[in-house]
A.B. asks: 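Can you keep this structure in mind? I'll have questions shortly.
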Amino acid sequence: MNFEGKVALVTGGASGIGRETARRFAELGASVIIADVDADGGSDAAAELRKCGAEGLFVRCDVSDPLQVARLFDESATHFDRLDAAINNAGIGGPWEQLQSYPHEGWDKVLAVNLTGLFYCMQEEIRRMIGKGGSIVNVASIAGKRGLPNQAAYTASKHAVIGLTRVSAQEVARHDIRVNAVCPAYTETPLFGPLIAGNSRRAEKMLERIPMRRFGKPRDIAEAIVWLCSDDSSFVTGQAINLDGGMTA
């Protein structure tokens, strides 16, 4: 895979899967735009790419705010005249609570970031790719394929992300734009860590559900994402690929 001369955007690129994906794109020759609400982490991630010889740009952005999303793409356009790959990775987990007790505020926040924010970004990405082509990868979850107890908003949002992926893939295929999703299982990221911190029994139960008996690593997910953006996957679109160590098998 080679991304020399190409430009990739990664939302939620300050840490975890997003940061590793940005790093992998840079290793393969791409210029990378990192968007995140974490200004310190995003700046560090972009600086890391530049130290490796890649062109890295950080733009602070809360994807749930359409004005900030518009500014992200306007600022990106002043630095780069193209957008070849867009990774919609920004997301939050939300409260750990049963449905009947789930706080309305938590529901609204999770849907605003995980679903509506992704929708805003996809609109801008598609507008910039029409006439030029490109690849969009949405980071969903195995929670988009099955129910995740105590995570109603997260599960609903990830099911919806897969739905948006499938709809948009059909709409934009004639423009040479491919849209896919990846569905990771439990992955060692800052989002996942608090779920098992100080709870070894919960961690053991999670591992028991994975035939490979290990949690995913950000690099596992990043490799699949860059493949979906490469010419090697030129006939793949509208898919939601499980990256789960056999969990859903």
A.B. asks: Measuring only between side-chain heavy atoms, which start at C-beta, is Ile210 closer than 4.5 Å to Met206?
C.D. replies: no
A.B. asks: What pair of heavy atoms forms the shortest contact from Arg71 to Arg60, and how long is it?
C.D. replies: NH2-O, 2.7 Å
A.B. asks: What's the separation between atom CG in Asp81 and atom OG in Ser76, rounded to the nearest 0.5 Å?
C.D. replies: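 Asp81 atom CG to Ser76 atom OG measures 12.0 Å (nearest 0.5 Å).
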A.B. asks: Any sub-3.5 Å donor-acceptor pair from Gln151's side-chain atoms to Pro95's backbone N or O?
C.D. replies: yes
A.B. asks: For atom CZ of Arg213, decide whether the heavy atoms of other residues, nucleotides or ligands shown that lie under 6.0 angstrom number more than 12.
C.D. replies: yes
A.B. asks: Using a 3.5 Å distance criterion without hydrogens, assess whether the side chain of Asn2 forms a donor-acceptor pair with backbone atoms of Glu4.
C.D. replies: yes
A.B. asks: To the closest 0.5 Å, what do you measure between CZ (Arg146) and NE2 (His159)?
C.D. replies: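 The NE2 atom of His159 is 10.0 Å from CZ of Arg146, to the nearest 0.5 Å.
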A.B. asks: Measuring from atom CZ of Arg128 to atom CG of Leu83, what distance do you get when rounded to the nearest 0.5 angstrom?
C.D. replies: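 Going from CZ on Arg128 over to CG on Leu83, the span is 8.0 Å.
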A.B. asks: In chain order, what residues pass the side-chain contact (heavy atoms from CB on, under 4.5 Å) check against Ser31, with sequence neighbours excluded?
C.D. replies: Val7, Glu55, Phe80
A.B. asks: Between Thr189 and Ile17, is there a donor-acceptor pair closer than 3.5 Å when you use the side chain of the first and the backbone of the second?
C.D. replies: no
A.B. asks: When hydrophobic residues are tied together by side-chain contacts of less than 4.5 Å, even through go-betweens, does Val63 share a cluster with Leu57?
C.D. replies: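 Shared cluster, yes.
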A.B. asks: With no hydrogens and no angle check, is any side-chain donor or acceptor of Arg19 less than 3.5 Å from a backbone partner on Ala14?
C.D. replies: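 Yes, Arg19 side chain to Ala14 backbone: donor-acceptor pair under 3.5 Å.
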A.B. asks: Less than 4.0 angstrom from a charged side-chain N to a carboxylate O is my criterion; do Asp220 and Arg214 meet it?
C.D. replies: yes
A.B. asks: Can you list the residues that meet the side-chain hydrogen bond (donor to acceptor under 3.5 Å, both in side chains) rule with Gln98, with sequence neighbours excluded?
C.D. replies: Gln100
A.B. asks: So, the side chain of Asn89 versus the backbone of Val10: is there a donor-acceptor pair under 3.5 Å, distance only?
C.D. replies: no
A.B. asks: What is the distance from atom OG1 of Thr21 to atom CD1 of Ile225, rounded to the nearest 0.5 Å?
C.D. replies: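 CD1 of Ile225 is found 3.5 Å from OG1 of Thr21.
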A.B. asks: Indicate if Val137 and Val172 have the same hydrophobic cluster label, given that clusters are the connected sets of ILVMFWY residues with side-chain heavy-atom separations under 4.5 angstrom.
C.D. replies: no
A.B. asks: Check for me, please, whether Tyr154 and Val37 land in the same ILVMFWY cluster - side-chain distances under 4.5 Å, paths through other members count.
C.D. replies: no
A.B. asks: Taking only residues two or more places apart in sequence, or in another chain, which ones meet Arg219 in a side-chain contact (heavy atoms from CB on, under 4.5 Å)?
C.D. replies: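 Only Glu20, Arg24, Glu27, Glu223 meet the side-chain contact (heavy atoms from CB on, under 4.5 Å) criterion with Arg219.
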A.B. asks: State plainly whether one hydrophobic cluster holds both Ile142 and Leu164, where clusters connect Ile, Leu, Val, Met, Phe, Trp and Tyr through side-chain heavy atoms under 4.5 angstrom apart.
C.D. replies: no
A.B. asks: Search all heavy atoms of Met247 against all heavy atoms of Ala185 and return the closest pair with its distance.
C.D. replies: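 That would be SD-CB, 4.0 Å.
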A.B. asks: To the nearest 0.5 Å, how far apart are NZ in Lys158 and SG in Cys183?
C.D. replies: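 Spacing of NZ (Lys158) from SG (Cys183) equals 9.0 Å.
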A.B. asks: If you look at every heavy atom in Asn114 and Gly91, which pair is closest and at what distance?
C.D. replies: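 What the structure gives for the nearest pair is OD1-CA, 3.1 Å.
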A.B. asks: Only pairs under 3.5 Å count here: list side-chain donor-acceptor contacts from residues 103-113, not counting sequence neighbours, and write none if there are none.
C.D. replies:
none

A.B. asks: Please find the pair of heavy atoms, one from Thr11 and one from Ala90, that lie closest to each other, and give the distance.
C.D. replies: OG1-N, 3.0 Å
A.B. asks: Taking the side chain from Ser43 and the backbone from Asp40, do they hold a donor-acceptor pair closer than 3.5 Å?
C.D. replies: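 Here the side-chain-to-backbone pair does not exist.
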A.B. asks: Could you check whether any side-chain heavy atom of Cys61 comes within less than 4.5 Å of a side-chain heavy atom of Val69, counting everything from C-beta outward?
C.D. replies: yes
A.B. asks: Side chains of residues 226-242: which donor-acceptor pairs under 3.5 Å do they make with residues two or more places apart or in other chains?
C.D. replies:
unit_1, atom_1, unit_2, atom_2, d
Ser230, OG, Trp227, O, 2.7
Ser230, OG, Asp232, N, 3.2
Ser233, OG, Arg178, NH1, 3.2
Ser233, OG, Arg178, NH2, 3.2
Ser233, OG, Trp227, O, 2.8
Ser233, OG, Leu228, O, 3.1
Ser233, OG, Ser230, O, 3.2
Thr237, OG1, Val179, N, 3.0
Thr237, OG1, Val179, O, 3.4
Gln239, NE2, Thr237, O, 3.2
Asn242, OD1, Lys145, NZ, 2.7
Asn242, ND2, Thr248, OG1, 2.9

A.B. asks: Which pair of heavy atoms, one from Leu243 and one from Ala224, lies closest together, and at what distance?
C.D. replies: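 So the two residues come closest at CD1-CB, 3.7 Å.
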A.B. asks: Where do Ile221 and Val182 come nearest, in terms of heavy atoms and distance?
C.D. replies: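 Closest approach of Ile221 to Val182: CG2-CG2, 4.2 Å.
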A.B. asks: Determine whether a donor-acceptor pair (N or O, by modelled atom type, separation under 3.5 Å) exists between the side chain of Asp176 and the backbone of Lys132.
C.D. replies: no
A.B. asks: Between Arg127 and Glu124, does at least one N-O distance fall below 4.0 Å, as a salt bridge requires?
C.D. replies: yes
A.B. asks: Just how far is it from atom CG of Asp36 to atom OG of Ser15, taken to the nearest 0.5 Å?
C.D. replies: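 These two atoms lie 6.0 Å from each other.
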A.B. asks: Would Glu171 and Ile126 count as a side-chain contact (heavy atoms from CB on, under 4.5 Å) if you check the C-alpha gap in whole Å, the side-chain angles of each, and the deciding distance to 0.1 Å?
C.D. replies: CA-CA 10 Å; Glu171 292 178 350; Ile126 290 169; 6.0 Å; no
A.B. asks: In the structure I gave you, are the side-chain heavy atoms of His175 and Met129 within less than 4.5 Å of one another anywhere?
C.D. replies: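 No - every pair of side-chain heavy atoms lies 4.5 Å or more apart.
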A.B. asks: Assigning hydrophobic clusters by single linkage (Ile, Leu, Val, Met, Phe, Trp, Tyr; side-chain heavy-atom cutoff under 4.5 Å), is Tyr102 placed with Trp96?
C.D. replies: no
A.B. asks: Would you list the pairs meeting ring-ring contact (aromatic ring centres under 6.0 Å, His included) in which at least one residue belongs to residues 5-64, sequence neighbours left out?
C.D. replies: Phe3-Phe25
